[in-house]
Amino acid sequence: MSRSLRQQNRLPGVIYGVDDDKNVLKVMVTVDTKEVKKQIRTLGRSFENTIHEIAVPIEGKPEPLKFQVVPRTTQFCALTLEPLCVNYLRYRPGTRVSIPLAFINQDRSADLKRGSFITRVNKFIDCVCDEEIPAQLEIDVSDAAPGQVYRLNNINFPPKVRPAKTVPPDFVAAIVKSPRG
């Protein structure tokens, strides 16, 4: 079935979550392959923390059921890197999402200009958002020095965005290493 859907330029997927009556929700959906590829190209790493609306037609009802969803996992072909499947998580304010970390002001750091480099320990952080999901969370590295560790308190959280309860208080985002020699 999945192969025949992909031949029709549709990607299979499942919407997971909980409905309004607290019942477990698993709804099979198909989405347009070209639209998903376009979003992956334009959004990059923040594709999986962007809110989408998917309409699911229901038999016997004139209007489709609409869900606000966040892509949870995207499977790619190992050979062609084409998307094979996109699974979604139903989004509601307060849902845990993974947000990518970005390092800003690298050009202002004297040590980074001299050859020091940033080693990422974590690329994403799990957050709870009460409203909009930011495309990325920023860490200012203008004061980077060899041996410096960037932790949870160095991340600039926008209003109404906070780390999830599963994030440890000693969360390490990156470490600055000195050049060899």
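Computation of the quantities below employed the complete heavy-atom set of this structure, encompassing side-chain atoms and omitting hydrogens, waters and symmetry-equivalent molecules. What you see is a predicted model, and the numbers here were worked out from it, not measured in a lab.
When each of Val31, Val14, Val27, Thr73 is tested with Tyr88 by the rule side chain to side chain contact (heavy atoms under 4.5 Å, CB included), just one qualifies, namely Val31.
In plain terms, the two heavy atoms of Ile99 and Val161 that are nearest each other are CD1-CG1, 4.5 Å. When all heavy atoms of Ala135 and Asn49 are compared, the closest pair comes out as O-ND2, 3.5 Å. Looking at every heavy atom in both residues, Ser178 comes nearest to Phe117 through O-CE2, 3.8 Å. Pro158 and Asn156 get closest at one heavy-atom pair: CD-O, 3.6 Å. Of all non-hydrogen atoms in Phe171 and Phe124, the two that sit nearest each other are CZ-O, 3.8 Å.
The aromatic rings of His52 and Phe47 lie tilted to each other, with the angle between the two planes from 30° to 60°.
In this structure, Arg10 and Asp32 have side chains that are in contact, with non-hydrogen atoms separated by less than 4.5 Å.
In this view, Lys37 and Glu82 satisfy the salt bridge (Lys or Arg N to Asp or Glu O under 4.0 Å) rule, not counting sequence neighbours. Listed by chain and residue number, Lys160 satisfy the salt bridge (Lys or Arg N to Asp or Glu O under 4.0 Å) test with Glu131 (two or more places apart in sequence, or in another chain).
When hydrophobic clusters are built by joining Ile, Leu, Val, Met, Phe, Trp and Tyr residues whose side-chain heavy atoms come closer than 4.5 Å, directly or via intermediates, Leu89 is not grouped with Val86.
Interatomic distance, CZ of Phe67 versus CD1 of Ile51, reported as 15.5 Å (0.5 Å rounding). Distance CG/Leu84 to SG/Cys77: 5.5 Å, rounded to 0.5 Å.
Checked by atom type, the side-chain pair Ser109/Asp111 shows no donor-acceptor distance below 3.5 Å. Side-chain contact of Asn9 with Thr33: a donor-acceptor pair under 3.5 Å is absent, judged by distance alone. Looking only at atom types and distance, the side chain of Thr74 has a donor-acceptor partner in the side chain of Glu48 under 3.5 Å away.
Within the structure, no pair that satisfies the salt bridge (Lys or Arg N to Asp or Glu O under 4.0 Å) test touches residues 94-110, not counting sequence neighbours.
More than 12 heavy atoms of other residues, nucleotides or ligands sit less than 6.0 Å from atom CD of Gln106. Shown here is Glu53, whose CD atom has more than 12 heavy atoms of other residues, nucleotides or ligands within 6.0 Å.
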